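Notes follow the structure.
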Amino acid sequence: YLCAMQWTYSLEQLPTVAADINAQLSAPVICFHGPMGVGKTTLIKALCVVMGCADAVNSPTFSLVNTYKDAGGNAVHHFDCFRLNHLNEALDMGIEEYLDSGQRCFIEWPELIAPLLEQHQIIELKTTAEGTRQLTLHKA
């Protein structure tokens, strides 16, 4: 990774931070890393709002993937790989087609599917001692 950008923000600042982050996304596939409850889904919801998605954005914990449409009618795929036990489960649901589509893919818990990831960016989320969130965007 060539460089990283960092933001520290409160929930109230999230819409502004999401707009800043969205402007910095260059790869279609974005992987979200961070502990349970750190705000990965909340950040993805905010990014989808910035992109003009009119659909309700929810964690695809049970469906594995949710697809939304952005303001331009382009598909935005939101994956939650937390419940996957084997890479074959992702392959069976056709994850490679999504990853190779050139369409935006937001992926929570991407560790299991790491072997399938090529051009992608990483967003790392942490909670600070003050209770704010620290986000690091690694440029691809």
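Quantities reported herein were computed from a predicted structural model and do not represent experimental measurements. For the single chain, residues carry numbers from 1 onward in sequence order.
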Apply the test side-chain contact (heavy atoms from CB on, under 4.5 Å) to residues Arg104 and Asn74: give CA-CA distance (whole Å), side-chain angles for both, the deciding distance (0.1 Å), then the verdict. CA-CA 8 Å; Arg104 176 72 71 214; Asn74 302 300; over 6 Å; no
In terms of hydrophobic clusters joined by side-chain contacts under 4.5 Å, are Tyr68 and Val65 together? no
Not counting sequence neighbours, which residues clear ring pair (Phe, Tyr, Trp, His ring centres under 6.0 Å) with Trp109? List them please. Phe82
So, the side chain of Glu89 versus the backbone of His86: is there a donor-acceptor pair under 3.5 Å, distance only? yes
Output the distance between atom OG (Ser59) and atom CG (Asp80), rounded to the nearest 0.5 Å. 4.0 Å
From Gln24 atom CD to Met5 atom CE, the distance as rounded to the nearest 0.5 Å: 4.0 Å
Reported CD-to-OG1 distance for the pair Gln103 and Thr67, which is rounded to 0.5 angstrom: 8.0 Å
Answer yes if Val17 and Ile30 sit in the same cluster of Ile, Leu, Val, Met, Phe, Trp and Tyr residues linked by side chain heavy atoms under 4.5 Å apart, and no otherwise. yes
With sequence neighbours left out, write down each residue that passes side chain to side chain donor-acceptor pair (under 3.5 Å) with Thr8, or none if nothing qualifies. none
If you measure only the distance, is there a donor-acceptor pair under 3.5 Å linking the side chains of Thr16 and Gln13? no
Is the count of non-hydrogen atoms from other residues, nucleotides or ligands lying under 6.0 Å from Glu118 atom CD greater than 12? no
Are Phe79 and Leu117 linked, directly or through other ILVMFWY residues, by side chains that come within less than 4.5 angstrom of each other? yes
Residue pairs involving residues 4-52 (criterion ring-ring contact (aromatic ring centres under 6.0 Å, His included); sequence neighbours excluded): Phe32-Phe106
Given the rule in the side-chain contact (heavy atoms from CB on, under 4.5 Å) test, do Leu91 and Ile113 qualify, once you have shown the distances and angles that lead to the verdict? CA-CA 9 Å; Leu91 294 171; Ile113 64 161; over 6 Å; no
Could you tell me which non-hydrogen atom of Pro110 sits nearest to which non-hydrogen atom of Cys31, and how far apart they are? CG-CB, 3.6 Å
What pairs meet the side chain to side chain donor-acceptor pair (under 3.5 Å) rule with one or both residues in residues 122-135, with sequence neighbours excluded? Glu124-His138, Thr128-Glu130, Thr128-Thr132
Minimal heavy-atom distance between Ile122 and His120, with the atoms involved, is CG1-CD2, 3.9 Å
Does one hydrophobic cluster hold both Ile21 and Val76, with members joined at side-chain heavy-atom distances below 4.5 Å? yes
Donor-acceptor pairs under 3.5 Å, side chain of residues 92-99 to any protein atom, not counting sequence neighbours: which ones?
none

Pair up each side-chain donor or acceptor in residues 38-55 with any protein partner under 3.5 Å, not counting sequence neighbours, and list the distances.
unit_1, atom_1, unit_2, atom_2, d
Lys40, NZ, Gly34, O, 2.9
Lys40, NZ, Pro35, O, 3.0
Thr41, OG1, Glu108, OE1, 3.0
Thr41, OG1, Glu108, OE2, 2.8
Asp55, OD2, Lys69, N, 3.0

